[in-house]
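Following: one structure in structure tokens, then a few remarks.
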Amino acid sequence: MIRVLLADDQALIRAGFRALLAAEDDIEVVAEAADGEQAVRLAVQHVPDVALVDIQMPVLDGIQATRQMVADPRLTGTRVVMLTNYGLDEYVYTALRAGASGFLVKDTEPEDLLHGVRVAARGDALLSPTITRRLIDEYVARPPQGQLSSALDVLTNREREVVALAARGMSNDEIAAQMVISLATAKTHVSRAMTKLRARDRAQLVVLAYESGLVTPARRPDTQ
């Protein structure tokens with residue numbers, strides 16, 4: 001059973017999400033929060049597998065709430081998925097750096113929301129296509145910072161390759177097929193890379209890969 005915390009200051013939004021999630025046999029909504037401070041408190045109380053957190057909330061915004069959840073050792077198994085009305089670059093970048101495991105826009109299709117909750121629960125990065133394009137554009141616009149390059153020295157060549165493929169959005173199955181290795185071996189490489197880089201989840205691997213220059217996003221033909 002996937003335990004979910006809903007955090008949004010709009011009661012109607014919470015009610016709609018709760019109805020959708022509660023209809024699934026493998027998902028349980030354990031708590032609802034109307035502001036970021038309450039979200040952090042309820043997360044500690046219920047220890048959900050996934051926290052769906054609105055970016056813009058009163059008292060404590062979603063990004064600050066995410067930072068507090070990620071920093072709390074009692075919530076190491078909780079994955080935070082940010083909910084937003086718009087795919088704003090500054091929010092995406094800041095929230096991922098704060099420790100968010102992914103993003104979903106609020107007008108996403110119901111099946112995509114359910115899929116997103118399940119993806120986040122198993123520890124995979126979750127970025128909707130619109131958010132992903134904006135995020136990549138953000139990295140294209142800014143040169144690699146390079147300050148994390150030395151940190152990547154702890155990785156083996158195979159682990160670097162795995163991190164690069166994960167940053168391209170590949171699943172473990174796709175990484176295994178690309179590298180012609182077993183799924184178990186791919187999972188092991190990903191796990192070891194995350195441990196060595198102290199990455200909370202795959203979303204953090206993506207951030208590290210781009211910031212360090214290990215992966216350089218290609219400009220689309222229509223990008224000036």
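What you see is a predicted model, and the numbers here were worked out from it, not measured in a lab. Atom set for the values below is all heavy atoms of this structure, side chains included, hydrogens, waters and symmetry mates excluded.
For the pair Val70 and Leu75, the minimum side-chain heavy-atom distance is 4.5 Å or more. Lys106 has its side chain within reach of Asp54: a pair of non-hydrogen atoms, C-beta onward, lies under 4.5 Å apart. Contact of the Thr78 side chain with the Val50 side chain is not registered, since no non-hydrogen atoms from C-beta on lie closer than 4.5 Å. The shortest side-chain heavy-atom distance between Val4 and Phe17 does not fall under the 4.5 Å cut-off. Using a 4.5 Å cut-off on side-chain heavy atoms (C-beta onward), Leu5 and Met69 make contact. Put simply, the side chain of Met82 reaches to within 4.5 Å of the side chain of Thr66, judged on heavy atoms. Between Val30 and Pro48 there is a side-chain heavy-atom pair separated by less than 4.5 Å. No side-chain heavy atom of Glu159 sits less than 4.5 Å from a side-chain heavy atom of Val154.
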| Step by step, would you call Gln10 with Met57 a side chain to side chain contact (heavy atoms under 4.5 Å, CB included)? | CA-CA 9 Å; Gln10 298 182 50; Met57 290 189 293; over 6 Å; no
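Grouping the Ile, Leu, Val, Met, Phe, Trp and Tyr side chains by contacts below 4.5 angstrom, directly or via other members, places Met179 with Leu155. Hydrophobic clustering places Ile55 together with Leu60 (ILVMFWY residues linked when any side-chain heavy atoms are closer than 4.5 Å, directly or through intermediates). Note on Ile13 and Val117: same hydrophobic cluster, where clusters join Ile, Leu, Val, Met, Phe, Trp and Tyr whose side-chain heavy atoms are under 4.5 Å apart, directly or indirectly.
When the shell of 6.0 Å around CD of Glu37 is examined, it contains 12 or fewer heavy atoms from other residues, nucleotides or ligands. No more than 12 heavy atoms of other residues, nucleotides or ligands shown are found within 6.0 angstrom of CZ on Arg74. Within a 6.0 Å radius of CZ in Arg158, more than 12 heavy atoms belonging to other residues, nucleotides or ligands are found.
Summarising the geometry, atom CD1 belonging to Ile27 is positioned 7.5 Å from atom CG belonging to Leu113; distances are rounded to the nearest 0.5 Å. To the nearest 0.5 Å, atom CG of residue Leu20 and atom CD of residue Glu111 are 9.0 Å apart. Rounded to the nearest 0.5 angstrom, Ile175 CD1 and Ile181 CD1 are separated by 8.0 Å. Here the CZ-CD distance, from Arg41 to Gln68, works out to 11.5 Å after rounding to the nearest 0.5 Å.
We find that Arg160 and Asp153 are joined by a salt bridge, their nearest charged nitrogen and carboxylate oxygen being less than 4.0 Å apart. A salt bridge links Arg118 to Glu24: at least one charged side-chain nitrogen sits closer than 4.0 Å to a carboxylate oxygen.
One side chain, Thr185 or Ser182, offers a donor N or O that lies under 3.5 Å from an acceptor on the other.
Nearest heavy-atom pair across Arg67 and Ala98 is CG-CB, 3.5 Å.
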